[in-house]
Each structure stands twice: as C-alpha cells, then as structure tokens.
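Heads up: the structure comes next, in structure tokens.
This one's a predicted model, so the numbers in the text were calculated from it and none came from an experiment. Basis for what follows: all heavy atoms, side chains included, without hydrogens, waters or symmetry-related copies.
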There are 2 protein chains.
Amino acid sequence: MKNRIKVARAENNWSQADLAERIGVSRQTINSIETGRYVPSTILALKMAQEFGKPVEELFMLEEGE
Amino acid sequence: MKNRIKVARAENNWSQADLAERIGVSRQTINSIETGRYVPSTILALKMAQEFGKPVEELFMLEEGE
DNA sequence: TCCAAAAGTAAAGCTTGCTTTACATATAGT
DNA sequence: ACTATATGTAAAGCAAGCTTTACTTTTGGA
C-alpha cells in the first residue's frame with residue numbers, strides 16, 4: 001500500500017513527531033508507516049484523515065494486486 | 001470503531017461469505033469485523049470501500065475518544 | 001563549523017489481526 | 001420434518017501493528 005502522509009505533513013508543516021502526538025501514537029509508528037514498513041489499522045487511517053482534513057483514499061492507496 | 005458493513009452488504013444482497021471472497025479474506029474475518037471483535041487493517045478497509053463503491057468514512061467511523 | 005531538530009533504523013516485547021478447523025444456531029424453502 | 005444457506009462463536013497458531021529505548025544520520029540555521 002502506498003501513502004501520501006509525508007506530503008500531507010509537508011503541506012501542514014508538521015514533523016513526524018507533531019503528527020504522532022496529534023493522533024496519539026509514537027513517532028516511530030508514523031515513520032514506519034511513511035516508509036512502508038507496515039500498514040496502519042483503520043483507526044489510525046481515520047485519525048490521520050481527520051487531522052489532515054482529507055479522505056482516507058487520498059492518503060492511502062492500494063497497489064497492483066493488493 | 002463502528003462500521004456499516006452489514007448494511008452495505010444488505011444493500012448489495014451479499015452474504016458475509018460473498019464479501020469475504022470478493023476481498024480475499026475468510027468469512028470469519030468479515031464476521032469478526034462486523035461484530036466489532038476487531039478493527040481491520042487499512043488495506044481491508046480500502047478493499048471494502050472499493051467493493052461497495054463508497055468512501056472508507058461511510059463504512060467505518062471513529063467513536064467518542066477513540 | 002556547530003548545534004538542534006528531524007528523520008531513519010533496530011531490537012525486544014506485548015497486543016491484535018487473520019487463518020484454519022470446527023461446531024452451534026437461525027432462517028427459509030420444499 | 002428435512003435440507004441448505006447464513007450467521008455467530010471459539011480456540012490455536014502465525015503474522016503484523018505498535019510501544020519503548022536507544023543509537024545513527026541528515027538537514028538547516030546561527
């Protein structure tokens with residue numbers, strides 16, 4: 001799964017730590033999601049969507065054959 | 001987290017097994033998500049949204065203090 | 001160049017997602 | 001009453017999410 005979290009953060013001028021604090025997870029969790037080390041739960045996806053004011057589909061997208 | 005998967009299935013006349021097959025998971029996984037036993041990964045949420053033709057936010061919603 | 005903030009990565013440990021197998025209950029059609 | 005389909009639930013086991021701690025590297029400003 002791809003994601004545009006890094007871009008969305010840049011648009012808001014938030015560090016990984018800023019976003020982590022906003023949604024209540026560790027900074028490493030944000031980093032790991034951004035770098036594709038793992039796929040977040042739907043709860044985290046919804047919280048990020050909420051924080052960024054964008055639909056989940058604009059932040060996370062399925063890849064070929066996924 | 002709440003979800004409206006049961007309703008969306010009903011609108012499409014799909015059984016839990018139908019949906020499970022469409023998105024490539026076991027029937028128990030669908031049942032467990034519907035009955036709130038666990039929260040799906042973002043990949044599953046996106047696949048369901050895709051199958052139902054609805055945004056993730058219309059299928060899954062955060063609850064108070066979540 | 002120096003310093004601080006930001007980002008990347010790693011390992012250990014606990015929790016949760018998801019699978020398979022299996023059984024119980026409900027519902028509806030014949 | 002019988003059968004088939006749908007749903008609910010449970011347990012064991014493996015895979016993955018997420019945390020904490022901690023160290024390294026990158027980046028940008030004074």
Whether each nucleotide of nucleotides 23-30 of chain D has a protein heavy atom under 4.0 Å at its base (B), only at its sugar-phosphate (S) or at neither (-) is summarised, 5' to 3', as --------
Nearest nucleotide by nearest heavy atom, which residue falls closer to the 5' end of DNA chain C, B:Ser32 or A:Arg9?
A:Arg9
Here the distance between atom P of D:dG8 and atom CD1 of B:Ile5, to the nearest Å, is 12 Å
So do B:Glu57 and A:Leu46 actually touch side chain to side chain, heavy atoms under 4.5 Å?
yes
C:dA6 phosphate, OP1 or OP2: any side-chain N/O from A:Lys6 under 4.0 angstrom?
no
d(CD, B:Glu34; P, D:dT9) in whole Å
11 Å
Looking at every non-hydrogen atom in both residues, tell me the closest pair between B:Ala49 and B:Pro55 and how far apart they are.
CB-C, 4.2 Å
Tell me: OH of B:Tyr38 to P of D:dG17, nearest whole Å?
14 Å
Enumerate the residue pairs fulfilling salt bridge (Lys or Arg N to Asp or Glu O under 4.0 Å) with a member in residues 33-48 of chain A, sequence neighbours excluded, ordered by first and then second residue.
A:Arg9-A:Glu34
Whole-Å distance separating the CZ atom of A:Arg37 from the C1' atom of C:dG8
7 Å
Assess the residue pair A:Ile33 and A:Val39 against the criterion (side chain to side chain contact (heavy atoms under 4.5 Å, CB included)); give the C-alpha distance rounded to whole Å, side-chain angles, the decisive distance to 0.1 Å, and a yes or no.
CA-CA 6 Å; A:Ile33 291 169; A:Val39 173; over 6 Å; no
Does D:dT7 have its OP1 or OP2 closer than 4.0 Å to a side-chain nitrogen or oxygen of B:Asn31?
no
Output the residues of residues 40-66 of chain B in contact with DNA chain C, where contact means a heavy atom of the residue under 4.0 Å from an atom of the strand; sort by number or write none.
B:Pro40, B:Ser41, B:Leu44
If a pair satisfies ring pair (Phe, Tyr, Trp, His ring centres under 6.0 Å) and one of its residues is in residues 27-66 of chain B, list it, with sequence neighbours excluded.
B:Trp14-B:Phe52
Salt bridge (Lys or Arg N to Asp or Glu O under 4.0 Å) partners of residues 10-30 of chain B, not counting sequence neighbours, each pair once
B:Glu11-B:Lys54, B:Arg22-B:Glu51
Evaluate A:Thr42 against B:Asn3 for side chain to side chain contact (heavy atoms under 4.5 Å, CB included), listing each step before the verdict.
CA-CA 11 Å; A:Thr42 299; B:Asn3 74 74; over 6 Å; no
side-chain contact (heavy atoms from CB on, under 4.5 Å) partner of A:Ile30, chosen from A:Val25, A:Leu44, A:Thr35
A:Val25
If we only count heavy atoms from C-beta on, is the A:Met61 to A:Met1 side-chain gap below 4.5 Å?
no
Calculate, to the nearest 0.5 Å, the distance between atoms NZ and CZ belonging to B:Lys6 and B:Arg4 respectively.
14.5 Å
What residues 12-25 of chain A contributes to the DNA chain C interface at heavy-atom separation below 4.0 Å is A:Ser15, A:Gln16
Measuring only between side-chain heavy atoms, which start at C-beta, is B:Met48 closer than 4.5 Å to B:Val56?
no
